[in-house]
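Taking it in order: structure first as structure tokens, then the write-up.
Model, not experiment: these values are computed from the prediction. Each chain gets a letter, A, B and so on, in the order its sequence line appears, and its residues count up from 1.
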Protein chains: 2
Amino acid sequence: MPDNAAPGPVVTADHVAEAAGVSRWTVARAFKQDASISPRSREKVMAAAKKLGYAPDLLAASLASDRSHLVALVTNDFNNPHKLVLLERLTRILWSHGWGTLLVNMSESEDASAALLAASQRRVDAAVMIGTRFDDRVLDTALGARRVKKLVVFARYSSNPNTLTISCDDRLAMREIADHLLKKGYLRPAFIAGPDTQSAKLHRLDSFLGYWAQRTGTAVRAQHARRYDFNAAIETVNALLDSEPADQLPDVLVCENDILAIGATEALRHRPGGPQRIAVTGFDDIPLAAAPSYHLTTYRQPITAMCENLLDVLAGPQKEDVFLPGKLIERGT
Amino acid sequence: MPDNAAPGPVVTADHVAEAAGVSRWTVARAFKQDASISPRSREKVMAAAKKLGYAPDLLAASLASDRSHLVALVTNDFNNPHKLVLLERLTRILWSHGWGTLLVNMSESEDASAALLAASQRRVDAAVMIGTRFDDRVLDTALGARRVKKLVVFARYSSNPNTLTISCDDRLAMREIADHLLKKGYLRPAFIAGPDTQSAKLHRLDSFLGYWAQRTGTAVRAQHARRYDFNAAIETVNALLDSEPADQLPDVLVCENDILAIGATEALRHRPGGPQRIAVTGFDDIPLAAAPSYHLTTYRQPITAMCENLLDVLAGPQKEDVFLPGKLIERGT
DNA sequence: ACTCTGCTTGCACGCGCGTGCAATAATTAT
DNA sequence: ATAATTATTGCACGCGCGTGCAAGCAGAGT
């Protein structure tokens with residue numbers, strides 16, 4: 001905390017330099033992590049800086065160094081509370097390591113290029129698509145057109161070779177869920193999927209179907225919701241149940257995420273013919289999943305580990321795609 | 001869309017100038033809204049810019065002009081899905097008007113000064129505290145120490161004179177809710193409040209109590225939750241109900257926001273002695289409030305109007321605090 | 001005392017663009 | 001046709017700091 005705030009003109013490194021009796025560059029060194037500077041000079045500088053209330057101007061630093069320490073967080077799905085968890089973790093961890101986060105909303109267009117252009121005009125060091133639907137093809141043009149140095153796909157998959165994926169291991173996750181269901185004696189699961197599955201941004205559907213077939217030799221029925229929200233899930237579940245004879249109903253609904261799972265629970269609970277006793281599983285472990293009314297068995301993504309991987313990616317040169325194991329959260333199912 | 005992406009060196013205004021056969025400053029003018037430039041030059045410049053894939057560097061522009069067109073969105077409550085609605089609306093509207101949004105997480109410290117310092121180092125033109133709890137006293141030191149040019153408190157109240165408040169009109173809202181309840185014949189409301197009320201960041205509690213007393217002459221019991229989340233609400237409601245004789249239970253729980261309301265509903269539904277038939281109202285109209293299981297009567301804040309007011313504040317000189325009317329959403333209650 | 005090594009400091013130059021004014025070209029008035 | 005206006009364009013300077021190198025300095029070795 002500065003001893004006396006200088007409400008007048010902005011304090012620059014020059015002022016500090018003068019006050020400390022050193023050159024401007026020594027001031028810069030004092031603020032740099034492992035710069036060659038004597039402890040004595042650093043102390044002098046820091047004292048002067050504190051007195052004047054100086055803090056380096058990151059904007060000017062960005063321009064000079066060509067590294068902004070800014071990353072764009074790009075999203076287009078603001079309906080899912082899980083986004084909030086991701087945002088909280090990402091912003092907290094990134095800021096604590098010196099990265100600023102620009103939040104970019106691409107829900108208007110479904111077109112990443114506009115969002116990435118905007119981000120690149122701010123000179124971000126990287127753009128992170130967090131849990132977003134997007135067109136894999138536009139990424140190339142967006143990358144080529146403007147200098148987005150790194151493009152990370154977070155909590156989703158992309159097969160674009162210019163992109164880096166950091167995600168939960170969906171295949172493993174679905175196998176764990178399937179194993180859990182088999183152990184509990186369920187025999188006829190149905191899968192409630194969302195729109196992302198269709199463009200292979202998530203591998204939950206095919207992983208589950210494949211593994212279930214492998215273990216039981218039976219096929220699983222899947223139904224797609226139009227959007228990731230309660231109401232779409234309710235419609236979808238009703239359509240599913242309406243289309244099956246009463247004696248062939250599924251005994252568990254495996255949902256691509258918690259939003260769909262909660263919608264599914266709602267649908268089952270308010271069926272025209274009275275509540276249905278069908279189990280439900282979700283994915284993400286949003287706070288509501290733990291509420292007594294749902295008590296949802298779900299799967300928690302390793303968000304902190306994913307964020308730490310992101311830090312590595314930001315720091316170093318391009319690395320390989322990362323798929324991390326999450327954790328099955330057993331509740332009511 | 002650039003005709004052919006230039007993957008090599010970054011395209012600057014100089015390159016465009018050369019390609020268009022004009023000076024660099026004419027290029028700048030072509031991109032400026034109402035600059036004095038002939039239509040012909042602008043066309044030439046735009047054509048060249050398109051061909052080269054040029055877009056102005058906002059970072060350099062910020063440094064040169066001392067206006068970054070960046071605003072910091074500061075938050076510390078990532079548990080409430082309503083934040084996501086606010087963030088979506090704010091980012092969409094601000095970006096579409098040329099403002100970049102820096103998302104700053106201050107959930108670590110409860111201390112705005114660290115967050116504001118970080119923001120100021122990025123030279124934001126304004127910081128917006130969105131629905132945050134904060135210590136009113138630190139704002140001054142934070143403002144003084146570093147140049148945060150404008151500080152806006154969004155969806156909360158602040159009495160700090162150096163701050164601008166843009167919020168829903170809580171007083172009016174609670175009166176509407178009270179009127180609605182009276183019309184429906186409720187007689188014994190209880191108020192479930194959160195921690196913010198204690199520091200007067202919200203006026204919902206006292207507004208409701210005051211107005212109810214004025215209209216009925218009876219006092220309303222209030223109970224505070226420790227945090228804004230389901231579980232805290234569940235505890236709080238159970239404590240409230242346990243402390244009252246069975247024949248003096250409230251007939252409606254008026255909750256400070258939807259999170260508390262949903263927790264309250266959960267608590268009532270899972271009471272040890274069986275479900276309680278007590279009505280619940282909320283505030284914010286989060287998506288879940290519309291789910292069939294809750295079908296919550298609640299109050300929708302005028303977010304879009306609030307965002308447009310924010311735009312005015314960002315564009316012009318400091319204005320006056322703004323309190324906008326929202327809308328009662330009548331559902332199950 | 002002198003040289004060599006390694007540590008510390010100073011500095012010229014540039015990052016890409018905005019501002020304000022001066023110079024030039026296009027237009028209109030006389 | 002010439003002068004008076006106005007529309008358009010060019011330019012020097014600076015925003016605050018990083019980079020890479022060269023100069024300065026202290027201690028170790030001989």
Side-chain angles (χ1 to χ4, degrees), chain A residues 6 9-45 48-49 52-70 98 100 120-125 146-147 149, chain B residues 6 9-45 48-49 52-70 98 100 120-125 146-147 149:
Chain A
V10 175
V11 179
T12 78
D14 281 309
H15 303 152
V16 179
E18 194 177 8
V22 298
S23 72
R24 181 168 73 68
W25 295 272
T26 302
V27 174
R29 285 196 185 88
F31 280 88
K32 196 172 170 183
Q33 204 53 48
D34 21 45
S36 91
I37 186 177
S38 70
R40 218 167 52 81
S41 309
R42 175 167 267 153
E43 254 174 65
K44 274 196 303 184
V45 169
L52 299 177
Y54 169 78
D57 183 327
L58 266 30
L59 198 72
S62 305
L63 186 60
S65 71
D66 203 41
R67 304 198 60 215
S68 62
H69 283 278
L70 258 185
S120 76
Q121 289 192 263
R122 303 268 177 194
R123 264 184 197 264
V124 297
D125 286 340
R146 294 293 304 166
R147 202 106 272 92
K149 304 169 197 170
Chain B
V10 175
V11 180
T12 78
D14 281 309
H15 303 151
V16 178
E18 193 177 9
V22 298
S23 73
R24 182 169 72 69
W25 296 272
T26 303
V27 174
R29 285 194 186 89
F31 281 87
K32 197 172 168 185
Q33 204 53 47
D34 23 43
S36 91
I37 185 177
S38 72
R40 218 166 52 80
S41 312
R42 175 167 269 155
E43 253 175 64
K44 276 196 301 183
V45 169
L52 299 177
Y54 168 78
D57 183 328
L58 265 31
L59 198 73
S62 305
L63 186 59
S65 70
D66 203 41
R67 305 198 59 213
S68 62
H69 284 279
L70 257 185
S120 75
Q121 288 192 262
R122 303 268 176 194
R123 266 182 194 262
V124 297
D125 286 340
R146 296 290 306 164
R147 202 105 274 91
K149 304 168 196 171

Query raised in the report: Any side-chain N or O of Ser38(B) under 4.0 Å from OP1/OP2 of dT9(D)?
Result: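 It does, given that an N or O in the side chain of Ser38(B) lies less than 4.0 Å from OP1 or OP2 of dT9(D).
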Find the distance [X]:[atom1] to [N]:[atom2] and express it as a whole number of Å.
| X | N | atom1 | atom2 | answer |
| --- | --- | --- | --- | --- |
| Arg122(A) | dG16(C) | CZ | P | 17 Å |
| Asp14(B) | dC11(D) | CG | C1' | 12 Å |
| Arg67(B) | dC15(D) | CZ | C1' | 15 Å |
| Glu18(B) | dG10(D) | CD | C1' | 16 Å |
| Leu63(A) | dG16(D) | CG | P | 12 Å |
| Asp57(B) | dC15(C) | CG | C1' | 9 Å |
| Arg40(A) | dA26(D) | CZ | C1' | 12 Å |

Report task. Could you list the residues that satisfy side chain to side chain contact (heavy atoms under 4.5 Å, CB included) with Ile37(B), not counting sequence neighbours? Result ->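 For Ile37(B) the side chain to side chain contact (heavy atoms under 4.5 Å, CB included) partners, ignoring immediate neighbours, are Thr26(B), Arg29(B), Ala30(B), Ser41(B), Arg42(B).
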Query raised in the report: Does the pair Val16(B) and Val11(B) meet the rule for a side chain to side chain contact (heavy atoms under 4.5 Å, CB included), with working shown?
Result: CA-CA 8 Å; Val16(B) 178; Val11(B) 180; 4.1 Å; yes
Query raised in the report: To the nearest 10 degrees, what angle separates the axes at the start and end of the helix from dA1(C)-dT30(D) to dT30(C)-dA1(D), five pairs each?
Result: 40°
Just distance, no hydrogens or angles: give the donor-acceptor pairs under 3.5 Å from side chains in residues 63-70 of chain A, sequence neighbours left out.
residue: Ser65(A); atom: OG; partner: Ala61(A); partner atom: O; Å: 2.9
residue: Ser65(A); atom: OG; partner: Arg67(A); partner atom: N; Å: 3.2
residue: Ser65(A); atom: OG; partner: Arg67(A); partner atom: O; Å: 3.3
residue: Asp66(A); atom: OD1; partner: Arg123(A); partner atom: NH1; Å: 2.8
residue: Ser68(A); atom: OG; partner: Leu70(A); partner atom: N; Å: 3.2
residue: Ser68(A); atom: OG; partner: Arg123(A); partner atom: O; Å: 2.6
residue: Ser68(A); atom: OG; partner: Asp125(A); partner atom: N; Å: 3.4
residue: Ser68(A); atom: OG; partner: Asp125(A); partner atom: OD1; Å: 3.4

Requested in this report: Taking the side chain as every heavy atom from C-beta outward, state whether Val27(B) and Val22(B) have any pair of such atoms under 4.5 Å apart.
Outcome: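 Yes, side chains in contact.
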**Report entry** Shortest non-hydrogen contact from Leu59(B) toward Arg122(A)
**Finding:**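 The pair with the smallest heavy-atom distance is CD1-O, 4.2 Å.
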Query raised in the report: How close do Tyr54(B) and Ala13(B) get, heavy atom to heavy atom, and via which atoms?
Result: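 Looks like CE1-N, 3.4 Å.
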Query - Position toward the 5' end of DNA chain D (nearest nucleotide), Ile37(B) or Asp66(B) - result: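 Whichever sits nearer the 5' end wins; that is Ile37(B).
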Report task. Any chance you could list the contact pattern along nucleotides 18-29 of chain C? Use B for base contacts, S for sugar-phosphate-only contacts and - for none, protein heavy atoms under 4.0 Å, 5' to 3'. Result -> BBB---------
Query - salt bridge (Lys or Arg N to Asp or Glu O under 4.0 Å) partners of Arg24(A), counting only residues at least two apart - result: Asp14(A)
Query - Most 5' of Arg42(A) and Arg123(A) on DNA chain C, judged by nearest nucleotide - result: Arg42(A)
